[in-house]
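As the structure is a prediction and not an experimental result, all values here were calculated from the model.
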Amino acid sequence: MASATAIIISAALVAMVWALLQFLLISRVPVRSEGISDSTGLVAGTNDEATTRRLTEIYEAIYDGAESFLRAEYTICAWFVAAFSIVVFVLVSWGTGWDFARGAFTALSFVLGACTSILSGYLGMKVAVYSNVRTTVSAQKSGWKSCFNVAFRAGAVMGFALCGLGIFMLYVTLLAFRVHYPLPEDWIYLTECLTGYGLGGSSIAMFGRVGGGIYTKAADVGADLVGKVVHGIPEDDPRNPATIADNVGDNVGDVAGMGSDLFGSFAESTCAALVLGSSIGISGGWDAMVFPVAVSAVGIFVCLLCSFIATDLRPVRAEKDVETSLKVQLISTTILMIPAVYGAAEGFLPQEFMLKATVGSEVLTLQPWHAFLCVSMGAVGGLIIGLITEYYTSHSYKPVRELADSCKTGAATNMIYGIALGYKSAIIPVLVLAIVVYGSFKLGDMYGVSLAAIGFLSNLATGLTIDVYGPVCDNAGGIAEMAELDPYVREKTDALDAAGNTTAAIGKGFAIGSAALVSLALFGAFVTRIRHASGDELFQNGVNMLSPITFSFLIIGGMIPFAFAALTMKSVGTAAMQMVLEVQRQFDEKPHLLDANPTERPDYDACIAISTKASLKEMVPPGAMVILTPLLTGIFFGVYAVSGLLVGALVAAVQLAISMSNSGGAWDNAKKYIEKAGPDSELKGKGSDIHKAAVVGDTVGDPFKDTSGPALNIVMKLMAVLSLVFADTFYACNGGAGVFML
């Protein structure tokens with residue numbers, strides 16, 4: 001069988017070439033307004049020049065807004081990376097007895113991880129904006145295949161480019177560090193230096209998710225409250241001053257932020273598995289140690305093959321096929337990953353290999369089937385969590401329909417039902433996570449848990465494809481509304497977007513579930529690194545949670561996700577208030593903007609400026625809290641305090657993230673379910689009091705599902721990976737007791 005290096009590098013290059021091919025296919029769609037057929041046009045004449053100009057104008061406005069925001073955000077991130085890389089170099093060097101090579105390598109991998117994350121987010125934004133308008137144009141044609149394929153391929157560009165780039169950069173970094181650490185006995189230092197890669201990716205993801213989330217939801221909430229609730233104009237109506245900012249937000253939050261987030265998950269899960277499995281290299285060789293990276297590489301080939309199902313083998317021919325097609329992608333990639341992982345385990349792992357236990361002095365003897373089962377448990381567990389998420393957030397099922405019915409008695413009952421739905425939706429995912437953790441730990445110790453996290457993300461290319469698909473369709477609908485195309489086009493994009501909302505919720509379920517396992521694996525790697533630094537003086541028998549300092553910080557750790565959610569929710573509320581006031585000011589000063597056919601356009605730039613300024617200002621406090629809390633805890637209170645902090649944050653964040661994301665997704669789809677109803681039905685349809693109650697729920701749910709909820713998975717991962725990177729530094733502070741020696 002080919003070496004692991006050949007498979008990994010090949011997979012990375014194939015992924016990037018495939019992404020380029022998908023982009024070229026999208027670029028063949030001209031930005032030109034067209035009709036359904038040669039004889040029937042949906043707009044005022046086929047190839048209508050005025051409409052084409054308007055489409056181009058809107059596309060350029062969204063692109064310029066997204067570009068200017070990301071440039072400003074990434075400038076701040078660049079200064080942070082430059083400053084924090086110095087902190088990483090100094091503290092890691094000091095913590096390792098002034099080993100400048102380890103300090104420099106960790107700082108270098110931190111910079112590489114951050115740059116790859118920035119590039120991933122920026123690339124995603126570019127592709128999404130480029131594809132949005134082409135999806136709108138394709139929706140003018142008869143049938144569903146064309147518009148679905150454009151949106152799906154836009155997601156594929158992001159998914160495969162990010163996976164290929166992430167694997168390539170990580171593995172090339174590994175090979176470069178191997179020059180300095182050629183002996184298997186020294187590979188523990190190689191993997192420890194690589195943890196900076198995960199820290200860099202996750203740090204940028206934190207700012208991208210929070211900054212982008214505040215931007216998009218400030219605009220969305222402001223546009224909804226003044227536009228739909230107060231003045232009764234449709235979503236994305238060109239008369240609404242906040243509508244361009246809302247569409248810009250979809251690209252910087254839901255695409256760029258999410259891309260950085262999932263890149264961070266991939267980098268951290270791989271780093272954790274490599275640290276925990278570094279001892280495998282001594283008995284099994286290089287191929288055995290890099291098995292976690294090989295699993296991700298094999299996943300690229302599986303996702304590539306399965307993508308043909310959606311675009312060619314079973315193309316979308318009717319509205320009902322859209323959600324099914326996306327769901328088939330997740331199920332088919334999971335099923336195919338199981339034999340693929342078995343082949344990788346048999347090919348790259350020796351028949352028996354040795355692994356040091358995370359707790360105790362035992363040396364475990366593992367076989368390839370142990371690793372195979374751990375990865376498979378993660379992949380299947382992720383699929384189950386995804387399908388449970390779909391049940392609670394899709395209007396095809398009972399929970400969301402009950403939520404829609406609750407709107408008949410007003411917004412208050414809608415809020416009560418929605419919050420209860422979110423809490424209830426956390427039960428089965430948490431039980432699944434518990435089973436996966438127990439099973440994988442029994443099979444392969446903490447290394448097994450890290451492989452289960454890799455399994456969760458094994459079909460990451462497909463997960464990202466589906467995640468990006470949603471915002472692209474959402475933007476396509478907004479462009480159709482602003483360009484004043486025939487309502488049929490908006491109905492079509494709304495149908496695509498409704499499926500995208502559900503699959504986006506499924507994607508968030510995957511991301512949160514994988515983040516929980518990644519965080520636990522990183523905690524295991526932290527314990528392993530402290531044991532190595534202390535010569536087995538600390539944590540040989542595990543972490544005693546009843547130790548006063550550990551239990552005290554366990555409670556503090558449980559508070560962190562709530563403090564983070566409070567900061568981000570309030571930030572959205574503050575920015576949304578400014579947006580509401582600005583939109584209302586424009587309507588008050590220029591009442592003719594609300595005319596059926598106004599002669600003047602609103603001041604879109606004023607709303608874009610509000611969102612940009614608010615998000616850049618408000619993303620700093622929550623990000624600083626998450627980064628500084630474990631760092632200061634480790635330095636001043638020691639490694640036992642950090643252990644409690646990480647466990648508390650993990651336990652609280654996973655429950656809160658699932659409930660918030662699913663409540664928000666359910667409120668959104670309950671609103672869409674009501675909008676699909678006719679005026680003579682029980683739900684009365686658009687414009688009714690029932691619909692207004694649903695809009696209030698959706699407005700509250702926006703920061704739940706797109707700002708605070710998904711960003712919580714970064715909270716657990718970032719705190720854990722930061723503690724792992726600075727583990728030697730924490731031990732150097734009075735033998736792990738911290739400055740205060742409590």
Side-chain angles (χ1 to χ4, degrees), residues 202 205-206 208-210 212-214 217 253-254 257-258 260-262 264-265 268-269 381-382 384-386 388-390 392-393 418-434 436-437 453 456-457 463 467 504-523 557-569 571-572 622-623 625-626 645-668 700-721:
S202 212
M206 167 60 71
R209 254 303 189 195
V210 174
I214 292 170
K217 292 305 119 182
D254 295 345
M258 181 209 42
S260 296
D261 176 7
L262 287 173
S265 290
E268 288 156 333
S269 61
I384 293 170
I385 289 176
I388 292 298
T389 304
E390 182 205 17
Y392 279 103
T393 57
I419 292 170
L421 182 150
Y423 291 156
K424 191 177 179 182
S425 71
I427 297 170
I428 297 177
V430 167
L431 292 175
V432 170
L433 282 172
V436 170
V437 167
F456 253 84
L457 296 165
D467 273 342
I506 293 172
K508 290 185 181 89
F510 266 97
I512 294 164
S514 66
L517 291 180
V518 168
S519 181
L520 181 57
L522 289 166
F523 176 57
M559 171 271 297
I560 295 294
F562 291 91
F564 178 85
L567 285 172
T568 50
M569 292 282 284
S571 296
V572 171
M625 181 185 74
V626 174
L645 186 79
L646 296 182
V647 173
L650 165 61
V651 171
V654 69
Q655 331 261 353
L656 189 60
I658 292 172
S659 64
M660 290 184 83
S661 293
N662 289 350
S663 285
W667 273 318
D668 192 353
V700 173
D702 277 335
F704 268 52
K705 70 180 174 66
D706 290 323
T707 307
S708 303
L712 283 168
N713 59 49
I714 305 176
V715 171
M716 8 175 186
K717 294 182 300 179
L718 182 53
M719 290 176 68
V721 74

Those residues that, when tested against A434, pass side-chain contact (heavy atoms from CB on, under 4.5 Å) (two or more places apart): none
Minimum heavy-atom distance between A426 and I658, given as atom pair plus value: CA-CG2, 3.7 Å
Side chain S571, main chain L567, donor-acceptor under 3.5 Å: yes
Side chain to side chain donor-acceptor pair (under 3.5 Å) partners of residues 657-667, not counting sequence neighbours, each pair once: N414-W667, S425-N662
Qualifying residues under ring pair (Phe, Tyr, Trp, His ring centres under 6.0 Å), relative to F564, sequence neighbours excluded: none
Any K705 side-chain heavy atom under 4.5 Å of M660 side chain: no
Spacing of L645 atom CG and L650 atom CG [to the nearest 0.5 Å]: 11.5 Å
Partner residues of D467 under the salt bridge (Lys or Arg N to Asp or Glu O under 4.0 Å) criterion, sequence neighbours left out: none
Pairwise side-chain contact, L433 with I385, heavy-atom cut-off 4.5 Å (strictly under): yes
L656 versus P561, closest heavy-atom pair with distance: CD2-O, 3.8 Å
S202: partners by side-chain hydrogen bond (donor to acceptor under 3.5 Å, both in side chains), with sequence neighbours left out: E268
Student check: side-chain heavy atoms of L517 and F456 closer than 4.5 Å: yes
Close side-chain approach of D668 and F704, heavy atoms under 4.5 Å: no
Shortest non-hydrogen contact from S514 toward A453: O-CB, 4.5 Å
What donor-acceptor contacts under 3.5 angstrom involve side-chain atoms of residues 706-721, with partners at least two apart or in another chain?
{"unit_1": "D706", "atom_1": "OD1", "unit_2": "K508", "atom_2": "NZ", "d": "3.4"}
{"unit_1": "D706", "atom_1": "OD2", "unit_2": "K217", "atom_2": "NZ", "d": "3.0"}
{"unit_1": "T707", "atom_1": "OG1", "unit_2": "G213", "atom_2": "O", "d": "3.0"}
{"unit_1": "S708", "atom_1": "OG", "unit_2": "T568", "atom_2": "OG1", "d": "2.7"}
{"unit_1": "N713", "atom_1": "ND2", "unit_2": "P710", "atom_2": "O", "d": "2.8"}
{"unit_1": "K717", "atom_1": "NZ", "unit_2": "D261", "atom_2": "O", "d": "3.3"}
{"unit_1": "K717", "atom_1": "NZ", "unit_2": "D261", "atom_2": "OD1", "d": "3.0"}
{"unit_1": "K717", "atom_1": "NZ", "unit_2": "S265", "atom_2": "OG", "d": "2.6"}

